[in-house]
Amino acid sequence: MLHVSWDPVLIGISFIVAFIASFIALDSAGKVAISSRRESTFWRLSGGATLGMGIWSMHFIGMLAMKMSMPINYHLSGNDSN
């Protein structure tokens, strides 16, 4: 069986990133009702983009927090050949 553990500091950072992104997205949603139509569209798009990037960041930090007994590498180029 594969032994897996997680770095608690990175998990905490992941939680904080998700919390901040959610707070900013909810704050943006609150501005939709008091804005003109054009401003409302801006607040919706910026809130959605903020929440999407926050969720992606939270998951990526969580992936980095995972420690396994075998080596794992992330290659920016996406090319696995040496």
I'd like a table of donor-acceptor pairs (distance under 3.5 Å, sequence neighbours excluded) in which one partner is a side-chain atom from residues 50-62, with atom names and distances.
| from | atom 1 | to | atom 2 | distance (Å) |
| --- | --- | --- | --- | --- |
| Thr50 | OG1 | Ser46 | O | 2.7 |
| Ser57 | OG | Met53 | O | 2.8 |
| His59 | ND1 | Ile55 | O | 2.9 |

List the atom pairs, with distances to 0.1 Å, where a side-chain N or O of residues 26-34 and a protein N or O form a donor-acceptor pair under 3.5 Å, not counting sequence neighbours.
| from | atom 1 | to | atom 2 | distance (Å) |
| --- | --- | --- | --- | --- |
| Ser28 | OG | Ile24 | O | 3.0 |

* Name all residues meeting the side chain to side chain contact (heavy atoms under 4.5 Å, CB included) criterion together with Val4; count only those two or more places apart in sequence or in a different chain, and write none if there are none. => Leu2, Trp6, Met66, Met68
